[in-house]
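Both ligands and their constituent atoms are indexed starting at 1 by order of listing. Values below: all heavy atoms of this structure, side chains included; hydrogens, waters and symmetry mates excluded. Sequential numbering from 1 along the given sequence is applied to the chain's residues.
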Amino acid sequence: MIVILKQNPDQEQLNGLLRWLEAQNIEVHPTVGTHQTILGLIGDTSEIDVDLISALDIVDNVKRVQEPYKNANRKFHPDDTVIRVGDLEIGGGTMTVIAGPCSVESEEQIIGIAKAVKKSGGAILRGGAFKPRTSPYAFQGMQIEGIRLLLKAKEATGLPICTEIMDASQLPLFEDVDILQVGARNMQNFSLLKALGKTRKPVLLKRGMACSYQDLLMSAEYILAGGNTDVILCERGIRTFETYTRNTLDLACIPSLKTLSHLPVIIDPSHATGKSALVPSMACAAIAAGADGLIIEVHNDPPHAKCDGPQSITPEAFDKLYRRLDAIHRAAGEEI
Ligand code: PEP
Ligand code: MN
């Protein structure tokens with residue numbers, strides 16, 4: 001349920017309402033927006049009398065929220081959420097490009113790619129240290145050493161870093177990581193999501209390959225319910241009957257998720273297509289469709305990459321692509 005307040009509500013009446021709701025075991029999440037203040041009510045609101053609250057002088061409107069996701073719901077928070085990472089802002093009309101290799105392979109590799117990504121305009125460095133591989137015999141990532149090398153690349157370039165966390169027990173190792181990535185295979189690892197809800201670090205939450213928008217938003221809800229407000233939703237392709245591409249990129253998720261939720265939406269054209277040749281067009285399409293950013297795999301030597309070489313673009317291709325993305329983003333902004 002949401003309670004929309006009138007402008008400049010009488011403080012005494014408001015405190016009275018808040019006390020009364022508390023006594024009914026209802027948690028209140030206030031959102032002060034540009035045009036209105038909204039109280040999001042969480043708990044069993046079935047016994048709350050809508051007419052009683054609507055009749056208060058300070059109340060403009062009361063609506064029941066049918067969807068099971070509350071904190072993630074646009075109705076609870078009409079303005080876009082903007083997530084701050086250092087000086088960067090993710091969401092709210094900006095374009096944030098996260099780029100880097102699928103996995104960290106060596107100091108030379110990650111620092112070299114980080115420098116190239118920064119030079120082209122990339123804002124955040126990606127690189128897997130702990131890799132969720134389908135085969136237990138495949139390269140599992142450099143693990144702790146990978147995190148250490150990412151931090152070295154951050155020091156060398158000033159780029160914030162984004163890397164995947166696979167288990168809550170790894171949290172102490174991620175203390176200096178700027179964005180915690182939850183992979184598609186872990187989107188419904190609820191104990192991990194609960195642990196991330198207790199942190200105050202931005203979380204990049206990837207959509208599971210067989211999960212609906214509502215499943216994704218419910219996973220985001222786990223993190224938000226813990227008090228962490230900084231969740232970035234990421235579409236990385238879903239499983240369909242098509243086999244030409246690695247997955248099927250669902251670009252309709254951009255306007256859909258933005259209608260349903262206030263959280264930033266970014267697109268991963270690399271895992272979505274599995275083919276480097278398809279990455280630029282899908283990246284451009286995502287920005288044209290209103291995505292808040294992208295996460296793109298960039299490798300200096302794709303044929304010899306330890307992981308996901310066929311979908312990785314070179315630093316040169318990334319440079320060219322970034323210029324196109326920038327132009328599309330500007331044009332889309334003007335149109336709006
Ligand atoms: C990745 O970003 O390298 C990755 C493993 O992605 P996903 O979880 O989307 O498969
Ligand atoms: Mn990958």
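- Note that K119 lies outside the cation-pi zone of Y322, set by a 6.0 Å cut-off to the ring centre and a 45° limit from the axis.
- For ligand 1, the atoms lying closer than 4.0 Å to a non-hydrogen atom of G183 are 8 (O).
- Between I161 and D176, every side-chain heavy-atom pair lies at or beyond the 4.5 Å cut-off.
- Going from atom CD1 of I113 over to atom CZ of F318 covers 11.0 Å, rounded to the nearest 0.5 Å.
- The shortest N or O to N or O distance between K131 and ligand 1 is under 3.5 Å.
- Distance from atom 6 (O) of ligand 1 to its nearest protein heavy atom, with residue and atom name: K206 NZ, 2.9 Å.
- For T273 (side chain) and L278 (main-chain N/O), no donor-acceptor pair under 3.5 Å exists by modelled atom type.
- In this structure, Q181 counts as a contact residue of ligand 1, since one of its heavy atoms falls inside 4.0 Å of the ligand.
- Cluster annotation: L204 is not connected to I254 through the hydrophobic network of ILVMFWY side chains, with a link wherever side-chain heavy atoms come within less than 4.5 Å.
- Transitive grouping of hydrophobic side chains (ILVMFWY, heavy atoms separated by less than 4.5 Å) brings L205 and L249 into a common cluster.
- Once rounded to the nearest 0.5 Å, the distance linking CD1 of I58 with CD of E12 reads 11.0 Å.
- The nearest N, O or S atom of H271 is closer to the Mn ion (ligand 2) than 2.8 Å.
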If you apply the rule salt bridge (Lys or Arg N to Asp or Glu O under 4.0 Å), what do you find for K75 with E67, and how did you get there?
CA-CA 10 Å; K75 291 175 189 155; E67 297 83 8; 3.0 Å; yes
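- Short contacts between ligand 1 and E297, defined as distances under 4.0 Å to a heavy atom of the residue, involve ligand atoms 3 (O).
- When only non-hydrogen protein atoms are considered, atom 8 (O) of ligand 1 lies nearest to A184 N, 2.8 Å.
- Short contacts between ligand 1 and E164, defined as distances under 4.0 Å to a heavy atom of the residue, involve ligand atoms 5 (C).
- With hydrogens left out, the protein atom closest to atom 4 (C) of ligand 1 is H271 NE2, 3.4 Å, a heavy atom.
- Rounded to the nearest 10 degrees, the angle OD2 (D308) to the Mn ion (ligand 2) to OE2 (E297) equals 130°.
- Near C102, the atoms of ligand 1 lying under 4.0 angstrom from a non-hydrogen atom of the residue are 3 (O).
- Every atom of ligand 1 is numbered from 1 in the order shown, and the set under 4.0 Å from a heavy atom of R185 is 7 (P), 8 (O), 10 (O).
- Contact of the K115 side chain with the P315 side chain is not registered, since no non-hydrogen atoms from C-beta on lie closer than 4.5 Å.
- Protein heavy atom closest to atom 9 (O) of ligand 1, with residue, atom name and distance, is R236 NE, 2.6 Å.
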